[in-house]
Amino acid sequence: MAAIMDFSSPVRAPKLPCKSMLKSPNVNPDFFGRSQVLTQLHEVLQPPECPLTYGNTNGLRSFVLCGFGGVGKTQIAIHYANSEAHQYDAIFWVQADGVDKLAKGFRDIAVELQLIEAAEASDPIIIRNIVMEWLSAPYKGSLPPHHNVPETAREYAKWLIIFDNADKPELLRDFWPASGNGSALVTSRDPLAKVYLHPACGLDLQPFMREEAAHFLARLSASNTESNADSESTLILSDRLGGFPLTLVHVAAIIRRKDLNMKDMLEHYDGRALHSEIYHFTDPSPHDKYTHTLSTVWELEDLSNLALHLLETIAFMDPDAIDESILKMRLEKYPSEEFGSYEDAITSLASASLIKRDMDRKQLTVHRVVQEGTRNRMSTQRFTLAFGHVVELLLNSWYHEPEEKFTHLKVLWDVANVVSPHATHIKSVYDRSGPNLDPEITFAFARLLQKNGC
Ligand SMILES: Nc1ncnc2c1ncn2[C@@H]1O[C@H](COP(=O)(O)OP(=O)(O)O)[C@@H](O)[C@H]1O
Ligand SMILES: [Mg+2]
């Protein structure tokens, strides 16, 4: 009897190993530290040692690295992917900051794996489905649709996919390989990406710790830290820079370029000219394709007016506990239609990891690095204006309660607890930057300090 003809197209054999998408993000020869995070990534993402087959899979392993721009998420992803490349048969790097980029990334995967021809003009949804299917059952060899190999014996490839810059994690919805058998690493500014993507482990990446930052700065600036004075200066300087990798890299480059020693740099650092140099510096080194300067890294120009005003207000306050009630007082002056809603503004700052919000306490926290960066990008005029606003705001907090309530010591004590840390903080900003204040603001500032016993 004639065999039944099979007209369905044969399933194409994937081209493995497939790691060419890793070539695009350049490896940084100066990569430093982060060993704890790398260990965590290894533990969560590492594929099993035994060969994977249809009958022996363990689903999707995923990790989400969150944190504000420039804190080092992409560097870690590049380093992990390169140092653990031997564990995987295929590694895919996908830019995730837009649906078009995601679709392009999936097309590149299909082409690199040779699941489609490069010139093939197929519907992006079909291509995405072809890739998703392979990620779910990542067979290694060529198999005709009705093959004789038992399903359970088909060997699977071990793959890693990196979604870089998934700042709007909801865009990943159609591209997230939830039923995949492999490892996914995501970088995102939005801390909620950890919650949004299942099943995901994750963390909020912080700048370098004090000692670590000092080592990094010393190494990059090739300074001779053998002299005690210099190592002390390195520690103080890296501390001032808040351990923020991007600033440390820029400051080290300035030290090298100007042939300064650490002590000179520390002395010059408070000078406004150098400040501005750091904040507009672009690293010309060939390995580092990072295009942001400190003045652009947080994309503050994309924020709404209200979000920017709030961030500029927060930049002068004690970073560890900012009562939202104080900020809301700031809004009373502005017509809401002009500035948009407070909730939207705070959400946009939180989803860029520029602030953290504690919903129960109704308090915000902000990283010192973000405060300093925000202050440094302000013009002198805007700085002075914002300074005056914050002084006024803090002073008003004292008088916000009805007069008679102040007869209760407890009320006084509560207000002092809320306002004093901010008064102390704005004084330290004043001591460092010494803005030229109007007589009216100077008087208000003096009253604020006096009232708070600063
Ligand atoms: N671990 C690190 N070692 C060396 N340089 C780093 C490290 N982390 C960050 N950097 C520097 O900071 C820049 C920004 O880091 P990146 O990972 O791109 O930030 P993010 O992805 O969080 O926006 C890098 O281009 C690099 O110069
Ligand atoms: Mg990045």
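Atoms within a ligand are numbered from 1 in the order they appear, just like the ligands themselves.
- The closest heavy-atom contact to atom 5 (N) of ligand 1, among the options Phe31, Phe216, Phe68, Phe32, comes from Phe216.
- Side-chain N/O atoms of Asp164 and Thr187 include a donor and acceptor closer than 3.5 Å.
- The aromatic ring centres of Phe208 and Phe32 sit less than 6.0 Å apart.
- Note on Glu155 versus Lys140: salt bridge recorded, some NZ/NE/NH1/NH2 to OD/OE distance being below 4.0 Å.
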| request: Take Arg189 and Ser353 through the side chain to side chain donor-acceptor pair (under 3.5 Å) test and state the conclusion after the steps. | output: CA-CA 6 Å; Arg189 293 184 189 206; Ser353 287; over 6 Å; no
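- Proximity of Thr74 to ligand 1, defined as any heavy-atom pair under 4.0 Å, is shared by backbone and side chain alike.
- With respect to Lys104 and Asp100, no salt bridge is recorded, no charged nitrogen being found less than 4.0 Å from a carboxylate O.
- Expressed to the nearest 0.5 Å, how far CD1 of Ile162 lies from CD of Gln95 amounts to 10.5 Å.
- The shell of residues lying under 4.0 angstrom from ligand 1, judged by heavy atoms, excludes Gly33.
- Neither the backbone nor the side chain of Trp298 comes within 4.0 Å of ligand 1, counting heavy atoms alone.
- Where the criterion is an N or O separation shorter than 3.5 Å, residue side chain and backbone included, Pro245 fails it with respect to ligand 1.
- Residue nearest to atom 8 (N) of ligand 1, selected from Gly72, Ala253, Ser353, Pro207: Gly72 (by heavy-atom distance).
- Thr74 lies close to the Mg ion (ligand 2), since one of its N, O or S atoms is found at a distance under 2.8 Å.
- When only interatomic distances are considered, the shortest N/O to N/O separation between Arg34 and ligand 1 does not fall below 3.5 Å.
- Classification of Arg368 and Asp320 as a salt-bridged pair holds, one side-chain N sitting under 4.0 Å from a carboxylate O.
- Salt bridge status for Asp204 with Lys194: present, with a side-chain N to carboxylate O gap under 4.0 Å.
- For a threshold of 3.5 Å applied to N or O pairs, the pair formed by Arg189 and ligand 1 contains no separation below that value.
- Note on ligand 1: Gly70 sits in its first shell, one or more heavy atoms being nearer than 4.0 Å.
- Here Asn28 has side-chain heavy atoms under 4.0 Å from ligand 1, and that is the only part of it that gets that close.
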